[in-house]
Amino acid sequence: MISDYEQQIYGYADKEFNIASPSQLAEVLFDGLKLPTNGIKKGKTGLSTAATELDKLRNKHPIIDLITQFREVSKLKNTYVDTLPSQVDEQGRIHTTFNLTVAQTGRLSSSDPNLQNIPIRTELGRRIRTAFIAGKGKKLVSADYSQFELRLAAVLADDKQLIDIFNSGADIHTETAALIYEREEEDVTKQMRSAAKTINFGIIYGMSPHGLSVATGMTNFQAANFIDKYKEVRKPIFEYMDHVKDQAKKDGYVATLFGRRRPMPDINSSNFAIRQGAERAAINMPIQGTEADLMKLAMIKVDGLIKSKFKNCNMLLQIHDSILMECNEEDANEVAHILKSTMEEIYKLPIKLDVDVSIAENWGEL
DNA sequence: AAAGAAAGCGCG
DNA sequence: AAAGCGCGCTTTCTTT
């Protein structure tokens, strides 16, 4: 209950204030309660109260957990619970707008309302998805590419070892941890796998040692060592990243596997921060952009196949690496199969693509 | 009163 | 000096 959190927070703060106001919250935490400010990021207006910063204060004061929970619940209420019902039409359906020319990488975006960011990561948030239900006599069918971007990074970098790991069906993060820590797979701990997972994803965004240390809790030194080891293990990935950066600096653009370009006007900026930002964006674009290209091809092909074969079967949403469809109950298994095979075989690549499908009455159970 | 910046956070 | 890509939405606070 939001008001319960509010009362408890006011109790610890010894006064009522607007918890949703970062400046008032910072005043309570750092002036009133005198919580330590070393290591807390500063923004343009003062000390940050973002979740990553509050995390550093977790064991310093019980008010921190309450603020985190207050934020989770108020975010879900304000953004989803209070707004989505009013956007439902007479048929009981809700409609988004897919924008095709907004995202710099070629992805779709969704707005009014955004149905590409409906919660799933927390138990409470996931419950919001259960409100999205299939029509009478129908089922929802979802199909998700598994580790799509990392597979594409392996292909673009022509990293044979990484491609082999994916094609063998092994757990990519465990395998990476085994290589970095020089252990057998069965001796990889949860922490090792988690660190490998962070870097597997972080690397395709151009993550630095500092970023890795913040994300994992390692020291800067440990993070730098870890990345050095990763560099040895995944040489082709790093050579590829250098190659993309060089190309961008020379040509002023980067491109997807299919040649679709993104101009990179800031890639030679004399401003260090701007230039580095452009470099990270350049590294990521061919990967995220190729994902978007393949998804569009898959959507077109799936739609053609489905429309010619089934009645009352429609694509409802695309969420970057997944497609959500609704079809008659009796067609669900077949639709799922068509989705899986079409998406996995959409384009001949040196890597196996893997699509997970599932069928349910509501979005929360998928 | 409206418009914009900033902070924060939901998703992939 | 900065430190992880791509989005859209809500709230607070400031500027016009």
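The sequence lines fix the lettering, A, B, ..., with proteins before strands; numbering per chain opens at 1. What you see below is based on every heavy atom in this structure, not just the backbone, and it leaves out hydrogens, waters and symmetry mates. Only a predicted model underlies this, so the values are computations on that prediction, with no experimental measurement involved.
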Atom pair distance, as rounded to whole Å: [atom1] in [X] and [atom2] in [N]:
X	N	atom1	atom2	value
K44(A)	dT15(C)	NZ	P	14 Å
R71(A)	dG10(B)	CZ	P	10 Å
I287(A)	dG4(C)	CD1	C1'	12 Å
N220(A)	dA1(C)	CG	P	16 Å
M207(A)	dC5(C)	CE	P	10 Å
L108(A)	dC11(B)	CG	C1'	14 Å
R126(A)	dC11(B)	CZ	C1'	13 Å
L76(A)	dC11(B)	CG	P	8 Å

I want to verify a distance call: between [options], whose nearest atom is closest to the [X] side chain?
X	options	result
Y205(A)	dG12(B), dA7(B), dC9(B)	dG12(B)
A50(A)	dC11(B), dG8(B), dA6(B)	dG8(B)
R121(A)	dA3(C), dA7(B), dG12(B)	dG12(B)

Out of curiosity, does M299(A) fall in the hydrophobic cluster containing F258(A) (side-chain heavy atoms, cut-off under 4.5 Å, transitive links)?
yes

With sugar-phosphate meaning primed atoms plus P, OP1 and OP2, does A51(A) contact a base, only sugar-phosphate, or nothing at under 4.0 Å between heavy atoms?
sugar-phosphate

Could you check whether I283(A) gets within reach of a base, just the sugar-phosphate, or nothing at all, counting any heavy atom under 4.0 Å?
nothing

Can a salt bridge be assigned to the pair [X] and [Y] using a cut-off of 4.0 Å between side-chain N and carboxylate O?
X	Y	value
D303(A)	K301(A)	no
D55(A)	R58(A)	yes
R261(A)	D251(A)	no
E344(A)	K340(A)	yes
E361(A)	K139(A)	yes

All salt bridge (Lys or Arg N to Asp or Glu O under 4.0 Å) counterparts of E334(A), not counting sequence neighbours:
K309(A)

When both distances are under 3.5 Å in a Watson-Crick or G-U wobble arrangement, the nucleotide paired with dA1(C) is none

With both distances under 3.5 Å as the test, what is the Watson-Crick or G-U wobble partner of dG8(B)?
dC9(C)

How would nucleotides 6-13 of chain C be written as a contact map, 5' to 3', with B for base contact, S for sugar-phosphate-only contact and - for no contact, using protein heavy atoms under 4.0 Å?
BSSSSSSS

Just so I know, are the side chains of Q161(A) and K235(A) near enough to count as touching, which here means a heavy-atom distance under 4.5 Å?
no

Under 4.0 Å between a side-chain N or O of R280(A) and OP1 or OP2 of dG4(C)?
no

Side-chain N or O of S48(A) less than 4.0 angstrom from OP1 or OP2 on dG8(B)?
yes

What's the gap between dG4(C) and dC9(B) when it is taken at their C1' atoms, as a whole Å value?
16 Å

Span that lies between the P atom of dA2(C) and that of dA6(B), in whole angstrom
15 Å

